[in-house]
Number of protein chains: 2
Amino acid sequence: MQAALANVSVSVSPSEKYREYLATKGLRLTRERSIIVEEVFAYHEHFDAEQLISRLAQKTDGRRVSRSTIYRSLSQLEEASLIRKVARQEDRDVYEHDYGYPQHDHLICRKCGSLTEFQASIISKALEEIASKHGFRMDGHRLEVTGLCDACCRPPESRPQKLNLL
Amino acid sequence: MQAALANVSVSVSPSEKYREYLATKGLRLTRERSIIVEEVFAYHEHFDAEQLISRLAQKTDGRRVSRSTIYRSLSQLEEASLIRKVARQEDRDVYEHDYGYPQHDHLICRKCGSLTEFQASIISKALEEIASKHGFRMDGHRLEVTGLCDACCRPPESRPQKLNLL
DNA sequence: CTTGGTGCAAAATCTTTGCATAATC
DNA sequence: GATTATGCAAAGATTTTGCACCAAG
């Protein structure tokens, strides 16, 4: 009678978790919502609303979902802690899986825009101490480290052309 | 011959720094830009574009500046590392002073929205190590710790009504 | 007189919303 | 049958841009 209590404990599927969340609000896991949550969790890549829309709003089979519904669902998925915003790129919120995935942070390259994940328990621990010192009840954090990634650092011959500044 | 090399070393005023930045681009510190940088550094509060605009676009004296110019200037001030984005609230980017102010991070209350600053060198140090491990050339970071602030934590009589999720 | 700058209004983006229709309990 | 959901198009909101006129070197 021991549940896996590692960093990640996934007892139910994302869809199921979504259903549970919806239930608490008296809402239903409809076909569209189901399609969305499945698509979102089909890949572990970071994504934004537009990418999801382009994948779902253009389906020819019966799995097409409208733009509005996708936006509405993304808000719910975030509320339900299934996904979370990690950054903002090109004026769009970038999401990632929050459910079933360990806490981590990101190195964001200012040049090529690449997102590199890393884990550092020392940071979480430090934050817990800091929060408690301020009487702050922490429930999460978002840490974006900006700079130049390994590839973009190397000026030599393979100098990246794409400098989308800022 | 020793410059103040503490966390903060301000040898020139924000305006002067702005002027220097502009010079490197062959641009000038105009009267409007001057007004903007002075207004921005007049208070050390966090602010967003709209707040700045409401303060500057409604002046009756000769210190009015247009919306466009303010947006254009904010981009430059950010580029020049005079200000930086700290968060996003109500769909707006929130800025704070970056120049002449020590590195710090924020505790953001999900309930009342309050921003509390804190400093933790341990985090910067940890990040430097992590970055170097990834061959990443860090030039800054943004850390938002979310949760409930001291005031909003206290359930006693003023029990928060809003109990969301999970 | 040539380049840079401002202001206005229109445009561009991303996101939300009103409403009619459709599905579900 | 009442409530919830979807899709569309229109509306909202913030930020950007084209353009004419002004300013500075």
Side-chain angles (χ1 to χ4, degrees), chain A residues 15 18-19 21-37 39 46-80 83 85-95 164-166, chain B residues 15 18-37 39 46-80 83 85-95:
Chain A
S15 290
Y18 190 17
R19 181 200 303 284
Y21 165 80
L22 290 167
T24 70
K25 302 270 186 178
L27 307 178
R28 307 186 279 262
L29 181 63
T30 61
R31 197 180 57 85
E32 286 81 359
R33 288 174 180 157
S34 195
I35 290 169
I36 292 168
V37 69
E39 184 68 29
H46 297 98
F47 67 96
D48 61 39
E50 203 53 40
Q51 289 168 356
L52 193 59
I53 290 166
S54 72
R55 280 192 267 152
L56 288 179
Q58 300 172 354
K59 297 236 175 190
T60 51
D61 51 358
R63 295 178 66 76
R64 198 191 89 95
V65 183
S66 75
R67 176 174 292 271
S68 329
T69 300
I70 290 171
Y71 271 109
R72 285 188 275 237
S73 189
L74 281 177
S75 299
Q76 295 169 337
L77 290 173
E78 194 187 0
E79 263 283 308
I83 62 177
K85 291 178 185 163
V86 269
R88 231 184 124 75
Q89 293 195 321
E90 298 174 19
D91 297 314
R92 291 175 189 165
D93 285 319
V94 177
Y95 294 91
N164 51 334
L165 65 147
L166 186 72
Chain B
S15 290
Y18 190 16
R19 181 201 302 284
E20 287 169 9
Y21 166 79
L22 290 167
T24 69
K25 302 272 185 175
L27 307 178
R28 305 186 281 262
L29 181 62
T30 62
R31 197 179 60 83
E32 286 81 359
R33 287 173 182 158
S34 196
I35 291 169
I36 292 167
V37 69
E39 184 69 30
H46 297 98
F47 67 96
D48 61 39
E50 202 53 39
Q51 290 168 356
L52 193 59
I53 290 166
S54 72
R55 281 193 266 152
L56 289 179
Q58 299 172 354
K59 297 237 177 188
T60 52
D61 53 357
R63 296 177 66 75
R64 200 191 88 95
V65 184
S66 75
R67 176 172 292 269
S68 328
T69 300
I70 290 172
Y71 271 110
R72 284 188 275 236
S73 189
L74 281 177
S75 300
Q76 294 169 338
L77 290 173
E78 194 187 0
E79 262 285 307
I83 61 177
K85 290 178 187 164
V86 269
R88 229 183 127 76
Q89 294 194 321
E90 297 174 19
D91 298 315
R92 292 175 187 166
D93 285 319
V94 177
Y95 295 91

Taking the side chain of Ala49(B) as its heavy atoms from C-beta onward, which of dG5(C), dT15(D), dT15(C) lies nearest to it?
dT15(D)
Between P on dT6(D) and CG on Leu74(A), what's the gap in Å once rounded to a whole number?
13 Å
Enumerate the residues from residues 18-27 of chain B whose closest heavy atom to DNA chain D is under 4.0 Å, giving them by residue number; use none for an empty result.
none
So how far off straight is the helix from dC1(C)-dG25(D) to dC25(C)-dG1(D), going by the axes through five pairs at either end, to 10°?
20°
To the nearest Å, how far apart are Glu32(B) CD and dC22(D) C1'?
10 Å
Quick check for you: among dT16(D), dA5(D), dT15(C), whose closest atom lies nearest to any side-chain atom of Arg28(A)?
dA5(D)
Arg33(B) vs dG5(C): side-chain N/O to OP1/OP2 distance below 4.0 Å
yes
Report the C-alpha distance between Tyr71(B) and Leu52(B) in whole Å, list the side-chain angles of each, state the deciding distance to 0.1 Å, and finish with yes or no for side chain to side chain contact (heavy atoms under 4.5 Å, CB included).
CA-CA 10 Å; Tyr71(B) 271 110; Leu52(B) 193 59; over 6 Å; no
Give a yes/no answer on whether the side chain of Tyr71(A) brings an N or O atom under 4.0 Å of OP1 or OP2 in dT15(C).
yes
When you measure from the side chain of Asp93(A), which nucleotide among dT15(C), dG7(C), dG7(D) comes out closest?
dT15(C)
Gln51(B) CD - dT15(D) P separation (whole Å):
11 Å
Can you find a heavy atom in the side chain of Tyr18(A) that is under 4.5 Å from one in the side chain of Leu77(A)?
yes
Is it true that a side-chain atom of Arg28(B) and a backbone atom of Leu22(B) form a donor plus acceptor pair closer than 3.5 Å?
no
If you define the side chain from C-beta out and look only at heavy atoms, does anything of Leu27(A) sit under 4.5 Å from Arg33(A)?
yes
Salt-bridged, Glu39(A) to Arg55(A), with N to O below 4.0 Å?
yes
Counting heavy atoms from C-beta on, name the nucleotide in dT15(D), dG7(C), dG5(C) closest to the side chain of Thr30(B).
dG5(C)
Is Arg72(B) close to Ser68(B) at the side-chain level, that is, under 4.5 Å between some pair of heavy atoms?
yes
Would you call Ser73(A) and Ile70(A) a side-chain contact if the rule is heavy atoms closer than 4.5 Å?
no
Do Arg72(A) and dG7(D) have a side chain to base donor-acceptor pair shorter than 3.5 Å?
yes
Rounded distance (Å) that lies between atom P of dA24(D) and atom CG of Leu29(B)
13 Å
Please give, in whole Å, the distance from dT13(C) P to Arg67(A) CZ?
12 Å
If we ignore hydrogens and angles and just use 3.5 Å, is the side chain of Gln51(A) paired with the main-chain N or O of Asp48(A) as donor and acceptor?
yes
Nearest to the side chain of Ser68(A), which nucleotide is it out of dG7(C), dT15(D), dC8(D)?
dC8(D)
Nucleotide dT13(C), atom C1' - distance to CD of Gln89(A) in whole Å:
16 Å
Check whether any side-chain N or O of Ser66(A) sits under 4.0 Å from OP1 or OP2 of dT6(D), and answer yes or no.
no
Any Lys/Arg nitrogen of Glu50(B) or Arg67(B) sitting under 4.0 Å from an Asp/Glu carboxylate oxygen of the other?
yes
Return the value, rounded to whole Å, for the distance between atom CD of Glu90(A) and atom P of dT13(C).
12 Å
May I ask you to test the Phe47(B)-Asp93(B) pair for a side-chain heavy-atom distance under 4.5 Å?
no
Checking all strands, does Arg64(B) fall into the base, sugar-phosphate, or nothing category for heavy-atom contacts under 4.0 angstrom?
sugar-phosphate
dT14(D) P sits how many Å from Tyr95(B) OH, rounded?
13 Å
